[in-house]
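Letters A, B, ... mirror the listed sequences (proteins, then strands); counts begin at 1.
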2 protein chains.
Amino acid sequence: MQMNKVIDILMIEDDFEFAKLLGSFLEKHNIKLKNYTDPFIGLSVPLEKFDLVILDLTLPGLDGLQMCKEIRKKSAVPIIISSARSDIEDKIKGLNLGADDYLPKPYDPKELVARIYSVLRRYKKIEEKNEPLLLDEKNSTIYLNSKALSLTPAEFEVLKILIKNYGNSVSKEQILYSSTVFANSSSNSLAVIINRVRKKISSIGSIKTVRGVGYRLVYHENS
Amino acid sequence: MQMNKVIDILMIEDDFEFAKLLGSFLEKHNIKLKNYTDPFIGLSVPLEKFDLVILDLTLPGLDGLQMCKEIRKKSAVPIIISSARSDIEDKIKGLNLGADDYLPKPYDPKELVARIYSVLRRYKKIEEKNEPLLLDEKNSTIYLNSKALSLTPAEFEVLKILIKNYGNSVSKEQILYSSTVFANSSSNSLAVIINRVRKKISSIGSIKTVRGVGYRLVYHENS
DNA sequence: TATAATTTTAAATATTTGTAAAATTTTACT
DNA sequence: AGTAAAATTTTACAAATATTTAAAATTATA
């Protein structure tokens with residue numbers, strides 16, 4: 001996996017030797033591991049310095065599940081629980097307390113790396129959404145600079161397809177046949193709707209016509 | 001876990017009996033499972049209808065990893081790979097291809113449920129605390145921001161169906177035939193009830209009309 | 001049975017989509 | 001460049017569909 005940025009991970013694990021070994025392995029994968037053998041000290045660390053937390057369940061003095069709960073109270077940082085207890089109930093409790101993954105010990109460190117990247121990929125996807133038009137299909141809503149656009153159903157369908165095919169042009173037929181909304185539409189009716197959508201998104205982009213074919217969404221330079 | 005909304009899951013699994021069994025287990029946890037034994041048919045399904053995909057790795061005719069790749073090409077839908085192959089290399093490949101989790105078979109279905117919720121929580125597909133409308137079917141009550149809404153029987157039925165189908169639109173017929181409350185209703189009577197429910201939930205959401213079809217519940221942005 | 005609450009009906013209003021004609025832009029040809 | 005044909009856009013209005021209102025009918029409740 002291609003990665004330019006070093007990933008900072010906080011681990012709470014009382015087996016110091018294991019932590020050291022794991023740390024040097026992760027280093028090769030662009031991951032910097034900071035381990036605390038003492039959960040109380042680990043908890044006092046500023047969590048925002050880290051991209052992810054690896055939590056051992058069998059900690060001295062404090063239950064790892066309890067710790068997971070404590071972390072979730074103050075932060076949404078991704079958590080991977082790792083534990084020698086492969087008890088199903090522990091797994092379920094851990095995941096329900098807000099952990100993102102649960103990895104039974106012993107594990108192959110390569111799997112840990114894959115899971116770290118998987119969790120972070122998931123996490124990032126939510127963070128980085130800087131497109132001027134944001135499609136929320138479940139809510140049938142399109143946000144223009146995080147403000148909901150007021151669109152009629154037909155307008156929504158058209159813009160939805162254009163957003164989904166951003167970067168490519170879309171044929172008129174592709175739009176017309178995409179939804180029952182256009183069940184009895186002539187192709188001129190589509191032109192009318194395109195015209196109306198154009199006005200509504202004019203502040204951030206435009207719909208270029210691809211003559212003889214269809215349309216293509218483009219954003220303005222500074223968007 | 002308290003849950004309003006039914007979670008729609010697409011599964012690609014050639015063991016039909018297993019799928020059936022799992023489906024009825026998940027049902028108890030508010031999860032609706034749609035299984036396809038044929039990966040090619042499964043791939044042709046509109047992915048945006050589903051909240052998550054469960055993928056079996058050992059499929060006839062097509063490699064599961066290949067399938068994972070195909071899905072990722074067209075969608076960011078969460079994917080959990082489940083496989084009898086507990087080979088580390090497969091795990092790593094799967095996770096690196098964009099899967100969100102990898103669950104070796106055989107697994108406890110309870111763990112699957114926990115992992116489904118964990119993945120969806122990360123995707124913010126499910127609102128943990130801020131679900132503005134909470135359905136309590138046993139007590140025939142709907143809470144708006146934890147305050148009981150005053151609804152007539154017909155209003156309750158309508159809103160219940162809309163909440164349960166949050167994310168999808170519901171046809172007028174589907175509502176009308178759902179309960180004896182509407183035994184002798186014209187479709188205009190439904191419009192009147194929708195109108196009244198709209199007023200009651202206006203602070204946190206709205207009911208969008210799907211022209212020619214029915215209605216769909218949506219929540220406001222800041223809810 | 002009377003009263004209140006709820007649902008239904010029907011008519012008025014409002015919104016969304018479709019149509020057709022005019023205006024504009026693009027293309028290809030001279 | 002100039003021009004005619006084709007494609008696309010715009011406009012204004014018509015048609016279809018959905019919403020709102022208020023009052024009548026029904027149902028539930030005391």
Side-chain angles (χ1 to χ4, degrees), chain A residues 139-142 148-162 165 168-203 205-218, chain B residues 139-142 148-162 165 168-203 205-218:
Chain A
N139 275 315
S140 291
T141 307
I142 291 169
L149 251 182
S150 162
L151 296 165
T152 70
E155 291 166 3
F156 174 81
E157 280 303 315
V158 167
L159 190 50
K160 179 177 90 179
I161 292 172
L162 290 171
N165 291 280
N168 304 309
S169 55
V170 183
S171 74
K172 293 178 192 174
E173 290 71 26
Q174 206 176 330
I175 299 173
L176 251 16
Y177 296 152
S178 70
S179 163
T180 54
V181 174
F182 310 107
N184 43 2
S185 301
S186 68
S187 98
N188 184 18
S189 151
L190 176 58
V192 174
I193 290 164
I194 287 279
N195 177 26
R196 301 206 260 246
V197 174
R198 276 182 169 136
K199 285 173 186 164
K200 292 191 179 182
I201 67 163
S202 61
S203 68
S206 61
I207 298 171
K208 286 251 161 85
T209 95
V210 184
R211 187 162 245 253
V213 181
Y215 299 95
R216 187 164 56 94
L217 175 66
V218 300
Chain B
N139 293 308
S140 293
T141 308
I142 291 169
L149 252 182
S150 159
L151 296 166
T152 70
E155 290 166 4
F156 175 80
E157 280 304 315
V158 166
L159 191 49
K160 180 178 90 180
I161 293 173
L162 290 171
N165 291 280
N168 302 311
S169 56
V170 184
S171 74
K172 293 176 190 173
E173 291 70 27
Q174 207 176 330
I175 299 173
L176 253 15
Y177 296 152
S178 71
S179 162
T180 54
V181 174
F182 310 107
N184 43 2
S185 301
S186 69
S187 98
N188 184 18
S189 152
L190 176 58
V192 175
I193 290 164
I194 288 280
N195 176 26
R196 300 206 262 250
V197 175
R198 275 184 168 134
K199 285 173 185 164
K200 293 190 179 182
I201 67 163
S202 62
S203 68
S206 62
I207 297 171
K208 287 214 171 154
T209 97
V210 184
R211 191 165 240 250
V213 181
Y215 299 95
R216 177 195 319 229
L217 175 67
V218 304

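When the nucleotides dT7(C), dT19(D), dT20(D) are ranked by their closest atom to the side chain of Val192(B), dT20(D) comes out on top. In this structure, the nucleotide among dT6(C), dT20(D), dT9(D) sitting nearest to the side chain of Thr209(A) is dT9(D).
Between Lys172(A) and dT8(D) there is a side-chain polar atom (N or O) within less than 4.0 angstrom of OP1 or OP2. Side-chain nitrogen and oxygen atoms of Asn195(B) include none within less than 4.0 Å of the OP1 or OP2 phosphate oxygen of dT19(D). In this structure, Arg211(A) does not reach the dT25(C) phosphate: none of its side-chain N or O atoms is under 4.0 Å from OP1 or OP2. Under 4.0 angstrom from either OP1 or OP2 of dA5(C) there lies no side-chain N or O belonging to Thr152(B). Contact check, Tyr215(A) against dA7(D): no side-chain N or O comes under 4.0 Å of OP1 or OP2. Checking the phosphate oxygens (OP1, OP2) of dT25(C), no side-chain nitrogen or oxygen of Lys208(A) falls inside 4.0 Å. Checking the phosphate oxygens (OP1, OP2) of dG18(C), a side-chain nitrogen or oxygen of Ser189(A) falls inside 4.0 Å.
Across the protein-nucleic acid pair, Lys200(B) atom NZ and dT6(C) atom C1' stand 10 Å apart, rounded to whole Å. Remark: P of dA5(C) and CG of Leu151(B) are 16 Å apart, rounded to the nearest angstrom. One can place CZ of Phe156(B) at 18 Å from C1' of dA28(D), the figure rounded to the nearest angstrom. One can place CD1 of Ile194(B) at 18 Å from P of dT15(C), the figure rounded to the nearest angstrom. The CD1 atom of Ile207(A) sits 21 Å away from the P atom of dA7(D) (whole-angstrom rounding). Regarding Leu190(A), its CG atom lies at a distance of 12 Å from the C1' atom of dT9(D), rounded to whole Å. As a whole-Å value, the separation of Lys199(A) NZ from dT16(C) P is 15 Å. Distance, Leu176(B) CG to dT7(C) C1': 13 Å, rounded to whole Å.
Judged by distance alone, the side chain of Lys208(B) and the main-chain N or O of Ser140(A) form a donor-acceptor pair under 3.5 Å.
Considering CZ of Arg198(B) and CG of Leu217(B), their distance stands at 11.0 Å, rounded to 0.5 Å. Distance check, rounded to the nearest 0.5 Å: NZ of Lys172(A) to CG of Asn188(A) gives 9.0 Å.
In this structure, the side chains of Leu151(A) and Val158(A) stay at 4.5 Å or more apart for every pair of heavy atoms.
Side-chain to base pairing of Asn188(A) with dA20(C): one donor and one acceptor N or O lie within less than 3.5 Å of each other.
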Using side chain to side chain contact (heavy atoms under 4.5 Å, CB included), reason through Ile175(A) and Ile193(A) one step at a time and then give a plain yes or no.
CA-CA 11 Å; Ile175(A) 299 173; Ile193(A) 290 164; over 6 Å; no
